[in-house]
Amino acid sequence: MSLFGLEPWAIWLIIGIVCVIIEIFDPAFFFLALGVGAIVTSLLSLTPLVRDSLIGQLLFFAVLSFVTFLLMRKLGKKVLAESGEETNVYALKGKTGLVTQKIPSKGRGRVKIGGEEWSAICEDESEIEVGSHIVVLGVEGNKLIVKVEALEVAQ
C-alpha cells in the first residue's frame, strides 16, 4: 500500500512534521497533538501489527492524538495557572502613585505611577487633590480606578 510512491510510515511522518510546524504559528496544542499522533503512528506503521491496515493506522492515529491532546491541555492549564502574575496595565493593580492633575468628582484626572502618567478616576467618585497619594484598585478601559492611599498615622 503506497500513496505517491511513499510508504505509509513516510506519509504519517510528513503529516506529523507539517502539524508540528503549523503548531509553531498557532500555539493552541491542537496541531501538536495531531503531529505527535501522526509521528507515533508513523513508527507503529512499521510494525507488522498495522503495516497493511489503513483502518488500524487511522484508529491508532485518532486514539494517540486524542490522548496527547488531553495530556497537553492538562499541562497547558497547569502552566498557565502557575504564571498568574498580571502583565501590562493590569500589573499596576495595588501600586501606589501621586495625583498630578486633580481628579474631580465623577471625572478624570491624571496620576503618576513608576514614572508614567495615567488617566484615573476615583472609586467612590470623590474629589482627589493634586499631590495626594493614591493606590490603584483596578483598570477600566483606558483609565485606572484609584482611591486615596491610607497613610499610617505616627503616634
Side-chain angles (χ1 to χ4, degrees), residues 3-4 6 8-45 57-155:
L3 182 66
F4 303 116
L6 297 173
W9 68 267
I11 295 169
W12 284 114
L13 186 62
I14 291 168
I15 291 170
I17 291 170
V18 168
C19 286
V20 170
I21 290 170
I22 291 172
E23 181 66 31
I24 293 170
F25 299 105
D26 179 32
F29 297 120
F30 178 72
F31 285 102
L32 186 58
L34 293 177
V36 169
I39 290 170
V40 174
T41 301
S42 170
L43 296 173
L44 288 172
S45 69
Q57 291 174 21
L58 289 172
L59 185 63
F60 272 112
F61 170 70
V63 170
L64 290 168
S65 295
F66 182 71
V67 170
T68 304
F69 179 75
L70 291 178
L71 292 174
M72 287 187 181
R73 291 281 293 181
K74 188 174 182 179
L75 178 67
K77 283 183 180 182
K78 184 177 180 182
V79 168
L80 292 176
E82 288 175 0
S83 63
E85 190 173 313
E86 297 284 359
T87 59
N88 300 330
V89 72
Y90 298 103
L92 295 174
K93 189 175 179 182
K95 301 280 184 184
T96 59
L98 195 65
V99 176
T100 58
Q101 179 185 342
K102 179 179 174 180
I103 301 174
S105 64
K106 300 183 181 180
R108 288 186 190 199
R110 305 229 12 116
V111 297
K112 189 171 188 175
I113 301 169
E116 293 184 4
E117 283 212 16
W118 298 87
S119 177
I121 61 171
C122 183
E123 65 149 341
D124 61 2
E125 298 181 344
S126 62
E127 202 171 88
I128 305 178
E129 295 295 326
V130 173
S132 299
H133 291 273
I134 53 88
V135 62
V136 178
L137 301 176
V139 179
E140 185 178 285
N142 63 349
K143 61 188 174 292
L144 303 178
I145 302 169
V146 300
K147 72 173 184 176
V148 175
E149 182 179 28
L151 299 174
E152 289 186 31
V153 178
Q155 294 184 0

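Atoms considered below: every heavy atom in the structure, side chains included; atoms not considered: hydrogens, waters and symmetry mates. Please read these numbers as outputs of a predicted model, since none were measured by experiment.
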**Asked** To the nearest 0.5 Å, how far apart are CD1 in Ile14 and CG in Leu6?
**Response** 5.0 Å
**Contact summary for Leu44 and Phe60, nearest pair of heavy atoms** = CD1-CD2, 3.6 Å
**Item:** Heavy-atom closest pair, residues Gly16 and Ile39
**Value:** CA-CG1, 3.8 Å
**Request:** Compare every heavy atom of Ile121 with every heavy atom of Gly107, then report the nearest pair and how far apart it is.
**Result:** O-CG2, 3.5 Å
**Asked** In Å and rounded to the nearest 0.5 Å, what is the CG to CG distance from Leu13 to Leu43?
**Response** 8.0 Å
**Request:** Answer whether the closest heavy-atom distance between the side chains of Trp12 and Val40 falls below 4.5 Å.
**Result:** no
**Request:** Output yes when a side-chain donor or acceptor of Ser42 lies under 3.5 Å from a complementary backbone atom of Trp9, and no otherwise.
**Result:** yes
**Request:** Find out whether Leu98 and His133 are in side-chain contact, i.e. whether some heavy atom of one side chain is under 4.5 Å from a heavy atom of the other.
**Result:** yes
**Message:** Tell me whether the rings of Phe30 and Phe69 are parallel (<30°), tilted (30 to 60°) or perpendicular (>60°).
**Reply:** perpendicular
**Asked** Looking only at heavy atoms, what is the nearest atom pair of Glu127 and Pro104, with distance?
**Response** CG-CA, 4.1 Å
**Asked** Partners of Glu123 by salt bridge (Lys or Arg N to Asp or Glu O under 4.0 Å), sequence neighbours excluded?
**Response** none
**Validation row: Val139, Leu92 side chains within 4.5 angstrom (heavy atoms)** = no
**Message:** Working to the nearest 0.5 angstrom, can you tell me the gap between Ile128 CD1 and Lys102 NZ?
**Reply:** 11.0 Å
**Request:** Hey, could you give me the CG/SG distance between Asp26 and Cys19, rounded to the nearest 0.5 Å?
**Result:** 11.0 Å
When the side chains of residues 110-118 are checked against the rest of the protein, which donor-acceptor pairs come out under 3.5 Å, sequence neighbours left out?
from, atom 1, to, atom 2, distance (Å)
Arg110, NE, Glu117, OE1, 3.4
Glu117, OE1, Thr100, OG1, 3.3

**Request:** Identify the two heavy atoms, one from Gly109 and one from Ile103, that lie closest to each other, and give their separation to 0.1 Å.
**Result:** CA-CG1, 3.7 Å
**Request:** Output the distance between atom CD1 (Ile11) and atom CD (Gln57), rounded to the nearest 0.5 Å.
**Result:** 8.5 Å
**Fill in**
Rounded to the nearest 0.5 Å, the CG atom of Asp124 sits from the CD1 atom of Ile145 at a distance of 11.5 Å
**Asked** Mind checking whether Val36 and Glu23 have side chains closer than 4.5 Å, heavy atoms only?
**Response** no
